[in-house]
Amino acid sequence: MITARQKQFHLLACVSLIGLILLCILWEAWLAPVRAGSFWLMLKALPLFIPLRGVLRKDNYTMQWTSMLIWLYFTEGIVRAYSDINLLSVKLAWMEVILSITYVTGVLGYLRPIKKEAKKARKIQND
């Protein structure tokens, strides 16, 4: 059974994932592209579209593997926050870092009780 707290964590994960998708597209297409005409970098958002449906449907497996995928976006955000010259791009990079951490927090908060219950059930089954 999913608790109200888990629902909040799931909502946090969904909002941050959608926010990260929008940020990636807007950042590279309009707000602060690396250079003019380099909108192809907005394709970095495509890997985030793949798990979106599963995350919205609370698929535990999808949420688990996306918690690893999201670290690529965290890393990119850190690198660009410290290396970009454009001030807007630096701010967007920090937003990417914050959204990535928020997503992982939401996923872990949602999955932790589920994992505890599964571990408890496995222990009972083995005894």
Side-chain angles (χ1 to χ4, degrees):
M1 184 167 127
I2 296 174
T3 65
R5 187 157 171 87
Q6 280 179 286
K7 288 179 183 179
Q8 291 173 340
F9 277 118
H10 177 256
L11 180 62
L12 182 68
C14 291
V15 168
S16 59
L17 181 61
I18 292 168
L20 190 57
I21 290 170
L22 292 173
L23 174 70
C24 289
I25 293 170
L26 293 174
W27 182 1
E28 301 301 346
W30 295 284
L31 297 176
V34 174
R35 57 185 171 275
S38 65
F39 62 91
W40 289 104
L41 280 176
M42 75 177 177
L43 294 177
K44 71 181 181 188
L46 281 179
L48 296 174
F49 276 107
I50 295 168
L52 182 60
R53 183 176 180 202
V55 171
L56 292 174
R57 290 182 171 203
K58 301 177 184 167
D59 181 47
N60 296 343
Y61 182 73
T62 302
M63 293 178 86
Q64 286 175 344
W65 69 261
T66 56
S67 68
M68 300 308 283
L69 169 72
I70 212 75
W71 291 112
L72 294 172
Y73 295 87
F74 171 83
T75 304
E76 185 214 13
I78 290 292
V79 169
R80 290 188 68 179
Y82 283 104
S83 64
D84 276 2
I85 298 169
N86 182 345
L87 184 60
L88 178 58
S89 188
V90 170
K91 289 179 182 179
L92 294 171
W94 282 117
M95 281 181 62
E96 184 176 35
V97 169
I98 291 168
L99 286 170
S100 299
I101 291 171
T102 304
Y103 178 76
V104 170
T105 303
V107 166
L108 293 178
Y110 175 76
L111 290 176
R112 186 171 184 186
I114 294 170
K115 291 293 183 180
K116 278 186 176 181
E117 286 295 319
K119 190 175 183 179
K120 199 182 295 183
R122 212 173 320 131
K123 186 176 181 183
I124 291 170
Q125 188 179 29
N126 289 336
D127 288 342

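Being a predicted model, the structure only gives us computed values, none of them experimental.
Residues A45 and C24 come closest through the heavy atom pair CB-CB, 3.8 Å. Of all heavy-atom pairs spanning A93 and W27, the tightest one is CA-CH2, 3.5 Å. Across every non-hydrogen atom of Y103 and A13, the tightest pair is CD1-O, 3.2 Å. Here the closest non-hydrogen pair linking A32 and L92 is CB-CD1, 4.1 Å.
No continuous path of hydrophobic side-chain contacts links L23 to V15 [ILVMFWY only; heavy atoms under 4.5 Å]. Residues I101 and L11 are members of separate hydrophobic clusters, defined by side-chain heavy-atom contacts under 4.5 angstrom among Ile, Leu, Val, Met, Phe, Trp and Tyr. Cluster annotation: V90 and W30 are assigned to the same hydrophobic cluster (Ile/Leu/Val/Met/Phe/Trp/Tyr, side-chain heavy-atom contacts under 4.5 Å, transitive). Cluster membership check: L69 shares its hydrophobic cluster with L43, using side-chain heavy-atom separations under 4.5 Å among Ile, Leu, Val, Met, Phe, Trp and Tyr. Hydrophobic clustering (ILVMFWY, side-chain heavy atoms < 4.5 Å, transitive): L46 and W71 are in one cluster.
Note that the CG atom of L17 and the CZ atom of F49 stand 9.0 Å from one another [nearest 0.5 Å]. Rounded to the nearest 0.5 angstrom, R5 CZ and R112 CZ are separated by 10.5 Å. Interatomic distance, I114 CD1 to I2 CD1, rounded to the nearest 0.5 Å: 5.5 Å. Of the inter-residue distances, the one linking E117 atom CD with K120 atom NZ reads 5.0 Å to the nearest 0.5 angstrom.
Remark: Y110 engages H10 in a ring-ring contact (aromatic ring centres under 6.0 Å, His included) (not counting sequence neighbours). For R53, the side-chain contact (heavy atoms from CB on, under 4.5 Å) partners at least two apart in sequence or on another chain are R57. Residues that satisfy the side-chain contact (heavy atoms from CB on, under 4.5 Å) test with S67, not counting sequence neighbours, are V107. With sequence neighbours excluded, no residue forms a side-chain hydrogen bond (donor to acceptor under 3.5 Å, both in side chains) with T102. For L108, the side-chain contact (heavy atoms from CB on, under 4.5 Å) partners at least two apart in sequence or on another chain are V104. Residues that satisfy the side-chain contact (heavy atoms from CB on, under 4.5 Å) test with L56, not counting sequence neighbours, are C14, I18, L52. Residues satisfying the ring-ring contact (aromatic ring centres under 6.0 Å, His included) test with Y82, not counting sequence neighbours, are W94.
For the side chain to side chain contact (heavy atoms under 4.5 Å, CB included) with L48, the lone residue among L20, L72, V55, I25 that qualifies is L20.
Counting only residues at least two apart or in different chains, salt bridge (Lys or Arg N to Asp or Glu O under 4.0 Å) contacts with residues 7-19 are absent. Evaluation of the salt bridge (Lys or Arg N to Asp or Glu O under 4.0 Å) test over residues 36-50, restricted to residues two or more places apart or in two chains, returns E28-K44, K44-E76. For residues 99-110, no pair satisfies salt bridge (Lys or Arg N to Asp or Glu O under 4.0 Å), with sequence neighbours left out. Contacts classified as salt bridge (Lys or Arg N to Asp or Glu O under 4.0 Å) and involving residues 83-111 (residues at least two apart or in different chains) are given here: R80-D84.
Residue W40 places its CH2 atom among 12 or fewer non-hydrogen atoms of other residues, nucleotides or ligands, all under 6.0 Å distant.
Side-chain atoms of S89 and N86 form no donor-acceptor pair, as typed in the model, at a separation below 3.5 Å.
Cluster partners of V34, using a side-chain heavy-atom cutoff of under 4.5 Å among ILVMFWY residues and allowing indirect links, are L41.
In this structure the side chain of N126 reaches within 4.5 angstrom of the side chain of R122, judged on heavy atoms.
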